[in-house]
Protein chains: 2
Amino acid sequence: MAKSTDSLDRGPRAALNIQAVAAAAGVSKTTVSHVISGNRPVSESTRRKVERVMDDLGFRPNFFAQALNSKKSNTIALIAQDITNPFYPALARGLQTSVASADHVVMLFDAGAGHSLTRSFVDDVIQRRIDGVVVAVSNVEEELVELQQAGIAVVAIGSGLSGLPIDWVSADDERIGIDATRYLYRAGHRRIATISGPPEAEPGTGRLAGYIKTMTEVGFGVDPRLCAVADWTREGGAIAFRKLLDQAEPPTAVFCANDLMAIGVLDAAAEAGLRVPGDLAVIGVDDIDAASLVRPGLTTIRVPALEIGQAAGDLLLHRIAEVDESARRHITVQHTLITRESA
Amino acid sequence: MAKSTDSLDRGPRAALNIQAVAAAAGVSKTTVSHVISGNRPVSESTRRKVERVMDDLGFRPNFFAQALNSKKSNTIALIAQDITNPFYPALARGLQTSVASADHVVMLFDAGAGHSLTRSFVDDVIQRRIDGVVVAVSNVEEELVELQQAGIAVVAIGSGLSGLPIDWVSADDERIGIDATRYLYRAGHRRIATISGPPEAEPGTGRLAGYIKTMTEVGFGVDPRLCAVADWTREGGAIAFRKLLDQAEPPTAVFCANDLMAIGVLDAAAEAGLRVPGDLAVIGVDDIDAASLVRPGLTTIRVPALEIGQAAGDLLLHRIAEVDESARRHITVQHTLITRESA
DNA sequence: CTGAAAGCGCTTACAG
DNA sequence: CTGAAAGCGCTTACAG
């Protein structure tokens with residue numbers, strides 16, 4: 001009788017693993033492992049032989065087994081408020097660019113997809129031992145704390161989440177407000193209005209602060225009749241502007257805290273028969289695609305979403321690599337004035 | 001002497017794993033595993049005890065260990081041509097919506113981030129045993145084949161990659177061309193031009209085919225002087241339209257294969273002193289945000305990116321779950337005419 | 001309904 | 001410069 005438990009029938013096709021490579025190369029699993037990881041010196045000839053075999057066999061180390069040992073997933077998660085808002089895809093690209101250099105991959109979670117999936121996504125992130133998370137969504141302080149307690153590196157986008165010791169990246173919102181307001185002032189405007197975002201959070205508050213600071217500095221002071229608030233949308237901007245118009249001395253210029261509201265102002269201005277920039281100057285913030293598509297083209301302040309993503313990735317990689325917990329870090333990205341026709 | 005290798009010093013804090021849960025609950029690892037997976041019945045009282053302990057300890061099963069055994073990563077990858085093009089974020093959202101229902105997570109790869117990272121991303125996908133991939137990028141036939149050979153489910157977006165036996169999702173491009181052209185015809189236009197995309201690939205060819213079919217059907221035939229080609233960009237659309245204008249009998253209507261080119265036509269028309277829709281009717285495809293922002297508002301055919309993403313996710317989940325390899329599947333999503341001012 | 005034990009494919013002290 | 005072996009934290013036949 002032939003020995004039936006021989007090399008012939010070890011199941012459905014021998015698995016292609018480190019053991020198979022070791023056998024084919026005539027070395028130990030240990031050595032193959034070190035050729036892959038580079039964690040200890042291997043003689044030139046051995047290395048070449050092993051690499052040759054891996055190539056011939058088309059071997060790729062099993063990621064799960066590697067991660068199970070190393071406790072590193074080489075994965076970064078992005079939790080985005082609303083991926084269909086052009087700011088976030090640009091941020092995602094910047095993030096990918098940054099972390100790809102360290103061989104990390106990006107997992108996307110779009111909170112705008114509805115449901116309260118955010119909760120379960122945080123669980124996923126923890127369970128999958130994601131190395132770091134970029135949190136670009138509001139009102140998730142609780143989840144942030146949980147992520148940190150699970151030992152995951154976290155960086156917040158846009159606002160500092162007061163009190164929490166987490167890294168964050170943002171534009172210099174007050175400076176944006178100052179630059180926009182000064183630009184209108186220097187163009188000769190004296191009744192300058194602002195339409196800011198809802199007062200509860202950055203970046204709305206910072207931009208408004210910059211407006212107030214500038215109006216005070218140049219000696220105009222702040223006239224409450226020139227300060228409107230809207231909800232970041234085009235329609236909201238139009239509504240707010242109609243109210244601003246409805247007074248004895250209407251403004252000749254408006255600083256809007258984002259482009260969408262500024263476009264709403266353009267709508268309402270056209271409706272009211274005002275010519276832009278002749279009768280009314282308008283400036284926004286963001287430089288979304290539409291800013292260059294509307295007529296007249298919208299003058300705006302560009303917030304570099306791509307750079308924000310990159311900075312977030314850099315902070316994360318740094319935090320992941322470092323041994324001692326160092327202090328909280330904050331990166332501020334630079335904005336740029338984009339001059340078009342509206343102001 | 002006290003027994004020094006006692007329960008006191010088993011290293012830096014005992015690991016929180018299935019073994020620890022088993023011990024605390026007074027059952028075996030096997031049982032804990034089955035409580036988690038539901039792979040075999042567990043008595044009601046035991047299940048409750050184990051769940052209680054997991055909750056108290058804050059235990060979450062280690063994803064890598066699970067995946068190492070099950071060979072499932074519960075992860076879907078999206079390879080997007082250009083995540084800053086609004087079509088892709090919407091697709092990503094639809095994909096997430098679909099796969100989240102099966103507890104899968106989305107990994108994003110933006111091919112537009114530059115470099116030829118696509119190559120290394122494909123390697124990552126294989127190595128990480130990603131369950132399925134949505135390929136929304138062109139010229140990667142080689143990589144597609146490789147992914148399939150690695151046993152990964154693949155679905156292509158937009159075009160069928162002739163010959164390859166892979167599932168795909170697309171709009172009905174010929175029908176889009178027909179609907180757009182007929183709309184212009186019914187509005188009374190007789191000299192209808194088209195600006196199509198580069199001829200080498202869908203969706204350009206399909207939309208052009210629809211235009212040709214309709215022009216033939218209504219008896220006009222195809223006049224080469226009315227057929228222009230551009231590169232999908234705004235500037236390209238403007239350039240192409242200037243050429244169309246430069247003839248004895250210029251068109252009174254233009255069907256553009258995407259919105260960006262249609263907006264370029266609006267630019268060039270304004271420049272040439274043509275009023276839209278009075279002197280010229282323009283229709284695009286996609287319904288990007290900008291379509292509603294330009295003046296006059298762009299009439300267009302909406303391609304439901306979100307639904308495409310969902311359909312892709314559904315195909316993938318189906319393909320992953322199924323045992324026997326069934327035939328290639330193709331899903332066509334429905335488009336809608338969005339009437340604004342330009343036509 | 002439940003357990004003991006082998007195994008998934010790696011990494012990493014320990015030893016030479 | 002290289003190996004044997006224990007271990008990472010699960011799942012799953014096999015057995016009762």
Side-chain angles (χ1 to χ4, degrees), chain A residues 5 10-51 53-54 57-74 124 126-129 150-151, chain B residues 5 10-51 53-54 57-74 124 126-129 150-151:
Chain A
T5 45
R10 359 163 202 166
R13 189 174 309 180
L16 179 50
N17 52 28
I18 212 180
Q19 173 64 61
V21 172
V27 299
S28 71
K29 293 190 313 177
T30 305
T31 295
V32 175
S33 175
H34 286 114
V35 167
I36 294 168
S37 69
N39 280 345
R40 90 176 178 194
V42 176
S43 80
E44 190 53 31
S45 65
T46 306
R47 136 162 297 119
R48 264 209 278 272
K49 195 178 4 167
V50 172
E51 280 170 346
V53 169
M54 294 199 296
L57 267 47
F59 170 77
R60 307 189 213 225
N62 183 301
F63 170 74
F64 302 132
Q66 289 184 143
L68 180 56
N69 282 282
S70 67
K71 276 120 177 61
K72 300 266 99 199
S73 63
N74 280 26
D124 274 337
I126 294 175
Q127 198 166 336
R128 288 170 184 249
R129 270 61 169 175
Chain B
T5 45
R10 358 163 202 165
R13 188 174 310 181
L16 179 51
N17 52 27
I18 212 180
Q19 173 65 59
V21 173
V27 299
S28 71
K29 293 190 314 176
T30 305
T31 295
V32 175
S33 174
H34 285 113
V35 167
I36 294 168
S37 69
N39 279 346
R40 91 178 177 193
V42 175
S43 81
E44 189 53 31
S45 66
T46 306
R47 135 162 300 118
R48 264 210 278 272
K49 195 177 6 167
V50 172
E51 281 170 344
V53 169
M54 294 199 295
L57 268 46
F59 171 76
R60 307 188 214 226
N62 183 300
F63 170 74
F64 301 131
Q66 289 184 141
L68 180 56
N69 282 283
S70 68
K71 275 120 176 62
K72 302 266 99 200
S73 63
N74 279 27
D124 274 338
I126 295 176
Q127 198 167 336
R128 286 169 185 250
R129 269 62 170 176

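Values reported hereafter were calculated over all heavy atoms of this structure, with side chains retained and with hydrogens, waters and symmetry mates removed. Per chain, numbering begins at 1; letters A, B, ... match sequence-line order.
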Self-check item: Value rounded to 0.5 Å, distance of CG in Asn69(A) from CZ in Phe64(B)
Solution: 11.0 Å
Quiz item: Taking only N and O in the side chain of Thr30(B), is any of them less than 4.0 Å away from OP1 or OP2 of dT2(C)?
Solution: no
Self-check item: Separation of dC8(C) P from Lys72(B) NZ (nearest whole Å)
Solution: 18 Å
Quiz item: With respect to the phosphate group of dG9(C), does any side-chain polar atom (N or O) of Gln66(A) fall under 4.0 Å of OP1 or OP2?
Solution: no
Quiz item: Does the Arg60(B) side chain pair with the main chain of Gly58(B), one donor and one acceptor, at a distance under 3.5 Å?
Solution: no
Quiz item: Leu68(B) CG to dT12(D) P: how many Å, rounded?
Solution: 12 Å
Quiz item: Which dot-bracket string describes DNA chain C (Watson-Crick N1-N3 plus N6-O4 or O6-N4, or G-U N1-O2 and O6-N3, all under 3.5 Å; [ ] crossing; | other strand)?
Solution: |||.||||||||.|||
Quiz item: When you match Asn69(B) and His34(A) each to their closest nucleotide on DNA chain D, which lands nearer the 5' end?
Solution: His34(A)
Exercise. Find which nucleotide of DNA chain C each of Val32(A) and Arg47(B) is nearest to by heavy atoms, and output the residue with the more 5' nucleotide.
Key: Arg47(B)
Quiz item: Ile36(A) has an atom CD1; how far is it from atom P of dG9(C), in whole Å?
Solution: 13 Å
Quiz item: At their closest point, which heavy atom of Val21(A) faces which heavy atom of Val50(A), and how far apart are they?
Solution: CG1-CG1, 4.3 Å
Quiz item: Is the phosphate of dG3(D), meaning OP1 or OP2, less than 4.0 Å from a side-chain N or O of Ser28(A)?
Solution: yes
Quiz item: Below 4.0 angstrom from OP1 or OP2 of dG9(D), is there any side-chain N or O of Asn17(B)?
Solution: yes
Quiz item: If you check the Ile18(A) side chain, which of dT11(C), dC14(D), dG9(D) turns out closest?
Solution: dT11(C)
Practice problem: May I ask you to evaluate whether Thr46(B) reaches the phosphate of dT2(C), defined as a side-chain N or O under 4.0 Å from OP1 or OP2? | Solution: yes
Exercise. May I ask you to test the Ile36(B)-Met54(B) pair for a side-chain heavy-atom distance under 4.5 Å?
Key: yes
Self-check item: Nearest-nucleotide pick for Lys29(B), side chain only, options being dA6(C), dC8(D), dT2(C)
Solution: dA6(C)
Quiz item: Does any N or O in the side chain of Ser37(A) come within less than 3.5 Å of the main-chain N or O of Ser33(A), such that one atom is a donor and the other an acceptor?
Solution: yes
Quiz item: Taking CE from Met54(B) and C1' from dG9(D), how many angstroms apart are they, rounded to a whole number?
Solution: 15 Å
Quiz prompt | Smallest separation among heavy atoms of Pro61(A) and Arg129(B), with atom names | solution = O-NH1, 4.0 Å
Exercise. Answer yes or no: does a side-chain N or O of Thr31(A) lie under 4.0 Å from OP1 or OP2 of dG3(D)?
Key: yes
Exercise. Would you mind classifying the nucleic acid contact of Phe63(A) as base, sugar-phosphate or nothing, using non-hydrogen atoms under 4.0 angstrom?
Key: nothing
Practice problem: Return the value, rounded to whole Å, for the distance between atom CZ of Phe64(B) and atom C1' of dC10(D). | Solution: 13 Å
Quiz item: Donor-acceptor pair under 3.5 Å: do we get one between Arg40(A)'s side chain and the base of dT2(D)?
Solution: yes
Quiz item: How would you label the contact of Ser33(A) with the nucleic acid (heavy atoms, under 4.0 Å): base, sugar-phosphate, or nothing?
Solution: base
Practice problem: Name the closest nucleotide to the Lys71(A) side chain, picking from dT12(D), dG9(C), dG9(D). | Solution: dG9(D)
Exercise. Select from Glu44(B) and Ala65(B) the residue whose nearest nucleotide in DNA chain C is closer to the 5' end of that strand.
Key: Glu44(B)
Quiz item: What is the distance from NZ of Lys49(B) to C1' of dT2(C), rounded to the nearest Å?
Solution: 11 Å
Self-check item: Atom-pair distance (CG on Asn39(B); P on dC1(C)), nearest Å
Solution: 15 Å
Quiz item: Do Ser70(B) side-chain atoms and Gln66(B) backbone N/O form a donor-acceptor pair below 3.5 Å?
Solution: yes
Exercise. Take atom CZ of Arg60(B) and atom P of dG9(D), then tell me their distance rounded to the nearest Å.
Key: 16 Å
Self-check item: Any donor-acceptor pair under 3.5 Å from Arg40(B) side chain to Gly38(B) backbone
Solution: no
